[in-house]
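Before any comments, here is the structure.
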Number of protein chains: 2
Amino acid sequence: MITDSAKISIPNIDNEMKQQLMDNGTIKNFKAGDVILQENSYIKTLPIVLQGSLKVMREEEDGKEILLYYIKAGETCVMSFLGGISNDKSKVKAVVEEDSEILLIPIHNAQDWVSKYPSWCDFIFKLYHKRFEELLSVVNAMAFQKIDQRIVELLNKKYQLTGNKEISVTHQQLADELGTAREVVSRLLKQLEREKKISLSRNKITIL
Amino acid sequence: MITDSAKISIPNIDNEMKQQLMDNGTIKNFKAGDVILQENSYIKTLPIVLQGSLKVMREEEDGKEILLYYIKAGETCVMSFLGGISNDKSKVKAVVEEDSEILLIPIHNAQDWVSKYPSWCDFIFKLYHKRFEELLSVVNAMAFQKIDQRIVELLNKKYQLTGNKEISVTHQQLADELGTAREVVSRLLKQLEREKKISLSRNKITIL
DNA sequence: ATAGCTATGTGATATATATCACTGACCTGT
DNA sequence: ACAGGTCAGTGATATATATCACATAGCTAT
């Protein structure tokens, strides 16, 4: 399958590598809300985000969940990488955040390339490291910060993702991503509005 | 510097690789409590634990901290790996848990070997993955579990580390590792003792 | 325009954990 | 055996968050 080379823009990936990605991968389009990777499912492909973004969540049986990090354009899901190789079931859920175009690479290719192409190996290592630091900051937030600070940081992350100060999200969604209750989020958001840091309307929060 | 080959037992590391480790590494001994890696310090060596164990903590400025995971014999600190390469300051603190013998590898060697020796690359990737999952379980614990459950799991981890049901630890240490207060731990331990799950004495907790 | 749905606002109350204040128990060095 | 330190036990209280219960607001389809 031949895909459009122009679409693949990954930092520090050389042309030979890019050719491999094009020859072996398949491009698919997804809509916001689509689930790319289910918790406890087996992993057969490595998703590389070409456009849009995914969010990766950890989920508890009872439906409670918490946001781990976002996967942006030019990045991939490291959990899929070694998880796929060791034939693990996925321990996380990946959901499309913004409408996305995703390049799916068979997991065995992704593995082979590590020893063949230094730029690929480097790409994977750098991402592992980035995710590791992001997870660390989740741990940090949960251990040392109160929920109001965490809400502010989450809103800022969403702003950075899209560059838009108008964030389309419900209180329930924020509560889910923070692993808390909707009422808690509503109250704290109201407080932030009183402090003139944000303004609230239905399905939308605007950063001031 | 030539070190004793017999001491180096790392799963799936071949002899050529082992020779490299011996030729380029230095063995040092540390006592329980020694700090191997300070938060915010630069990283110049990759520590491989030959005997004993380390614990890796995340620390907040005000002295509050939380346990991330243990590094056991035959393992290394992945945070040091790419952190060292990108010349990052360490975001974690590593403390010797049990008296340890540690092989220190210059960080540039560790990096070079990734492309030269597939077994080394594999070793590093597998560890990244393992740590990733451990961090995930820390996130999980903090998000979804109450402190009493977390104490029980921490005691079990410590038991698995040494194989000894008598655990030498103070309530303060447990509180630090869980990121909570000593009184909270004392009360919950007392409760566990009433339930006949453990028995308490000064500096020691015995799992029943 | 109405019905029905989803999202939000908010009081009341429950619970887990954090903090403060103090006591006594145990250990170590002299 | 005593002094001074560290460790553990525990009441009282404060705080953050979770849960329950309900009211109202805004959107959507007919």
Side-chain angles (χ1 to χ4, degrees), chain A residues 32-33 60-67 138-155 158 166-206, chain B residues 32-33 60-67 138-155 158 166-206:
Chain A
E60 189 74 348
E61 316 80 39
D62 61 2
K64 274 188 80 175
E65 53 182 22
I66 183 167
L67 172 71
V138 172
V139 170
N140 209 64
M142 288 199 303
F144 307 123
Q145 288 180 248
K146 286 194 291 176
I147 294 190
D148 52 357
Q149 293 175 271
R150 293 177 56 205
I151 290 179
V152 170
E153 286 186 12
L154 179 56
L155 290 176
K158 286 186 178 287
E166 285 195 358
I167 298 164
S168 294
V169 74
T170 67
H171 300 183
Q172 185 63 59
Q173 282 174 271
L174 293 178
D176 287 346
E177 296 185 3
L178 293 167
T180 182
R182 199 265 314 160
E183 299 92 314
V184 173
V185 171
S186 285
R187 269 188 260 264
L188 294 173
L189 283 175
K190 209 69 202 170
Q191 182 55 33
L192 288 171
E193 191 180 41
R194 276 186 224 110
E195 294 165 8
K196 311 275 183 214
K197 291 182 182 159
I198 58 175
S199 89
L200 300 175
S201 50
R202 191 186 169 91
N203 291 317
K204 194 177 76 180
I205 299 173
T206 309
Chain B
E60 189 74 347
E61 316 80 39
D62 61 2
K64 276 188 80 175
E65 53 183 21
I66 183 166
L67 173 71
V138 172
V139 171
N140 208 64
M142 289 200 303
F144 307 124
Q145 289 180 245
K146 286 195 290 176
I147 294 190
D148 52 356
Q149 293 176 270
R150 292 177 55 203
I151 290 178
V152 170
E153 286 186 13
L154 179 55
L155 290 175
K158 286 186 178 288
E166 286 195 358
I167 299 164
S168 294
V169 74
T170 68
H171 299 185
Q172 185 64 58
Q173 283 173 273
L174 292 178
D176 287 346
E177 296 185 2
L178 293 167
T180 182
R182 199 265 313 161
E183 299 92 316
V184 173
V185 170
S186 286
R187 270 188 258 264
L188 293 173
L189 283 174
K190 208 71 204 167
Q191 182 55 33
L192 288 171
E193 191 180 41
R194 277 187 223 109
E195 293 166 9
K196 311 274 183 219
K197 292 181 182 161
I198 59 176
S199 88
L200 299 175
S201 49
R202 192 187 169 89
N203 293 317
K204 196 177 76 181
I205 299 172
T206 309

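Values in this document were obtained by computation on a predicted structure and should not be read as measured data. Residue numbering restarts at 1 for every chain, and letters A, B, ... go by the order of the sequence lines.
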**Prompt:** For A:Gln145 and D:dA16, what is the distance between atoms CD and C1' respectively, to the nearest whole Å?
**Reply:** 15 Å
**Asked** Which heavy-atom pair separates A:His171 from A:Val185 by the least distance, and what is that distance?
**Response** O-CG1, 3.9 Å
**Request:** Could you check how far CG of A:Leu200 sits from C1' of C:dT10, rounded to whole Å?
**Result:** 14 Å
**Message:** Whether the side chain of B:Arg150 and the base of C:dT17 hold a donor-acceptor pair under 3.5 Å is what I'd like checked.
**Reply:** no
**Asked** What's the CG-P distance between A:Asp148 and D:dT15, to the nearest Å?
**Response** 15 Å
**Asked** How many Å lie between CD on A:Gln191 and P on D:dA16, as a whole number?
**Response** 12 Å
**Asked** So, does the side chain of B:Arg182 form a donor-acceptor pair with the base of C:dT17 at under 3.5 Å?
**Response** no
**Item:** Verdict with reasoning, B:Gln173 to B:Glu177, per side chain to side chain donor-acceptor pair (under 3.5 Å)
**Value:** CA-CA 6 Å; B:Gln173 283 173 273; B:Glu177 296 185 2; 5.3 Å; no
**Message:** At less than 4.0 Å, is any side-chain N or O atom of A:His171 found next to OP1 or OP2 of C:dT8? Yes or no.
**Reply:** yes
**Complete:** In whole angstroms, the gap separating P of D:dT17 from CZ of B:Phe144 amounts to 16 Å
**Short N-O contact, B:Arg150 and B:Glu153, less than 4.0 angstrom** = no
**Request:** Please state how far atom CD in A:Gln172 lies from atom C1' in D:dG26, giving the value in whole angstrom units.
**Result:** 18 Å
**Message:** Of the options D:dG11, D:dT17, C:dT17, whose atoms approach the side-chain atoms of A:Val184 most closely?
**Reply:** D:dT17
**Item:** Residue mapping more 5' on DNA chain D - nearest nucleotide basis, A:Asn203 or A:Leu188
**Value:** A:Leu188
**Prompt:** Hey, is the side chain of B:Glu183 pairing donor to acceptor with the base of C:dC20 inside 3.5 Å?
**Reply:** yes
**Asked** Considering the options A:Glu195, A:Lys196, A:Lys190, which one meets the side chain to side chain contact (heavy atoms under 4.5 Å, CB included) requirement together with A:Glu193?
**Response** A:Lys190
**Residue A:Lys190, side-chain heavy atoms: nucleotide from D:dG11, D:dT17, C:dG9 that is nearest** = C:dG9
**Message:** Distance check needed: C:dT17 P versus A:Ile147 CD1, whole Å only.
**Reply:** 14 Å
**Prompt:** When all nucleic acid strands are considered with a 4.0 Å heavy-atom cut-off, which category describes A:Leu189: base, sugar-phosphate, or nothing?
**Reply:** nothing
**Request:** Compare every heavy atom of A:Val138 with every heavy atom of A:Leu67, then report the nearest pair and how far apart it is.
**Result:** O-CG2, 4.2 Å
**Request:** Measure from CD1 on B:Ile151 to P on D:dA8 and round the result to the nearest Å.
**Result:** 13 Å
**Message:** Both B:Thr170 and A:Arg202 contact DNA chain D. Which one's nearest nucleotide lies toward the 5' end?
**Reply:** B:Thr170
